[in-house]
Engineer: 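One structure coming up, written as structure tokens, with questions to follow.
Since the model is a prediction, treat every value here as computed from it, not as a measurement. Each residue takes its place number in the sequence, starting with 1.
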Amino acid sequence: MQKMLTVTAALAGAILSGCATQSSNNFQAFQADDLNAQVRAGLLVQKTNSFFVLNDSSSSMSKTYLNSAEYSGTKLDVEKNLLNKFNRTIPDISLSSGLRSFGFGPCLKWGNTQLNQPLQNYSVSGFESAITSLQCSSGGTPLATALTESSKDIASAPGNIALLVFSDGMDEVSPVPAAEALKAQYGDRLCVYTVWVGNDADIAGQAGLQEIVSAAGCGMATDAKAISSPAGMSDFVKQVFFKPGSPQDCSTQDDDHDGVNNCADKCPDTPKGAIVDKDGCWAFHGVLFDFDSDKVKSKYHPMIKNAVDVMKLNPGLTIEIQGHTDSYGSDAYNQDLSERRALSVKNELVSQGVKASRLTTVGFGESQPVESNETDEGRAYNRRVNYKRTDK
């Protein structure tokens, strides 16, 4: 009899919570737009001082996302990828941040909502830990409860606050009254930004998220497809954190002292001593390997030596080595080649004394050309390896 009661209780718990679906922490490769130059030039003026995320971790987010071929996985996986892209796009500004999830069951310690990360000083690595804490999805969609709980979460938030809601919007109870109460508490300091991560069957939820924004009186409602690209995500980040400013004369400024003025500098945080290309990026172009060989040719040894010298000159510096190709060859071959190219450069640096722990690698294949692939010169410039610092 006791065994039957135990089984019955377990089944009841499963019905109430929904099946818990696990999520991976494998994020898509993403080259974020760098907004720092626009901030320094005064084109973007910070308007938001704190942001707090409410993430839908209910059982509906365990369903496969069908609205874009770009993603293969659950709606929760898409939410996490979007949050990672958002995190990578935020420029170097002072912020506070936090994250709360909502659903029910084992994924939320059997509560309707869980504080994954309390409000704290923002950093890229710190907020990434909040994203990776979203391990699974289960239960209903109590967004109204999460909105009510967030009123305490953001009580200590400095300045203006952006509340970001990632969800398919398929709520059992309307969250609008809770949003209205939150707005009444925080007034003009609070704006709400919603991101709909849903399939065609969830279209009613998109309208529901728009109602929350309307209740707040400021912010915006958007969807996963609109903010998935680097350009779409940078536009979203601008909307959340900035207002237009009065431009300064960037042609006379060179904040990172690399010889390329701020107007033309596409990599505005080049470390001291780095040799840069015409775009101000720490990179070398025209990199070719012999057929089926990963050996870096001797003509590029001065560029390798410069990287070693820069790493020694800046002991706290960590970098991501990024490999790229031109458009010749298949997508799959070019992806593999770009990864091998980046790894080969890493191995060269390690062999000359740079600690492997300071280096990561990624390949982008032919997906990010910086010149036209219609000319020999353009293709040569696209065959490149560049370094992106990861210590900031």
Engineer: Taking His324's backbone N and O only, do any of them form a donor-acceptor pair with Ser338's side chain (distance below 3.5 Å, no angle check)?
Structural biologist: no

Engineer: Should the ring pair Phe166 and Phe236 be called parallel, tilted or perpendicular, given that the plane angle runs from 0 to 90° and is split at 30 and 60?
Structural biologist: perpendicular

Engineer: Is any NZ, NE, NH1 or NH2 atom of the basic residue among Lys85 and Glu128 found under 4.0 Å from an Asp or Glu carboxylate oxygen of the other?
Structural biologist: no

Engineer: Do the side chains of Glu371 and Lys278 get close enough for a salt bridge, i.e. N-O under 4.0 angstrom?
Structural biologist: yes

Engineer: Can you tell whether the side chains of Asp168 and Lys63 come within less than 4.0 Å, N to carboxylate O?
Structural biologist: no

Engineer: Specify whether Phe127 and Tyr122 have parallel, tilted or perpendicular ring planes, treating 30° as the upper limit for parallel and 60° as the lower limit for perpendicular.
Structural biologist: tilted

Engineer: I'd like to know whether NZ of Lys225 has more than 12 heavy-atom contacts from other residues, nucleotides or ligands below 6.0 angstrom.
Structural biologist: no

Engineer: What is the ring orientation for His285 with Tyr381, classed by angle as parallel under 30°, tilted 30 to 60°, or perpendicular over 60°?
Structural biologist: parallel

Engineer: Quick check against the 3.5 Å criterion: does Asp171 have a side-chain atom that pairs as donor or acceptor with the backbone of Ser174?
Structural biologist: no

Engineer: Is a salt bridge present between Arg389 and Asp391, judged by a nitrogen-to-oxygen distance below 4.0 Å?
Structural biologist: yes

Engineer: Give every residue pair that meets the disulfide (SG to SG under 2.5 Å) criterion with at least one member in residues 164-229, sequence neighbours excluded.
Structural biologist: Cys191-Cys218

Engineer: If you count the non-hydrogen atoms of other residues, nucleotides and ligands that lie under 6.0 Å from NZ in Lys312, is the total more than 12?
Structural biologist: no

Engineer: Take atom NZ of Lys266 as the centre, draw a 6.0 Å sphere, and report whether it contains more than 12 heavy atoms from other residues, nucleotides or ligands.
Structural biologist: no

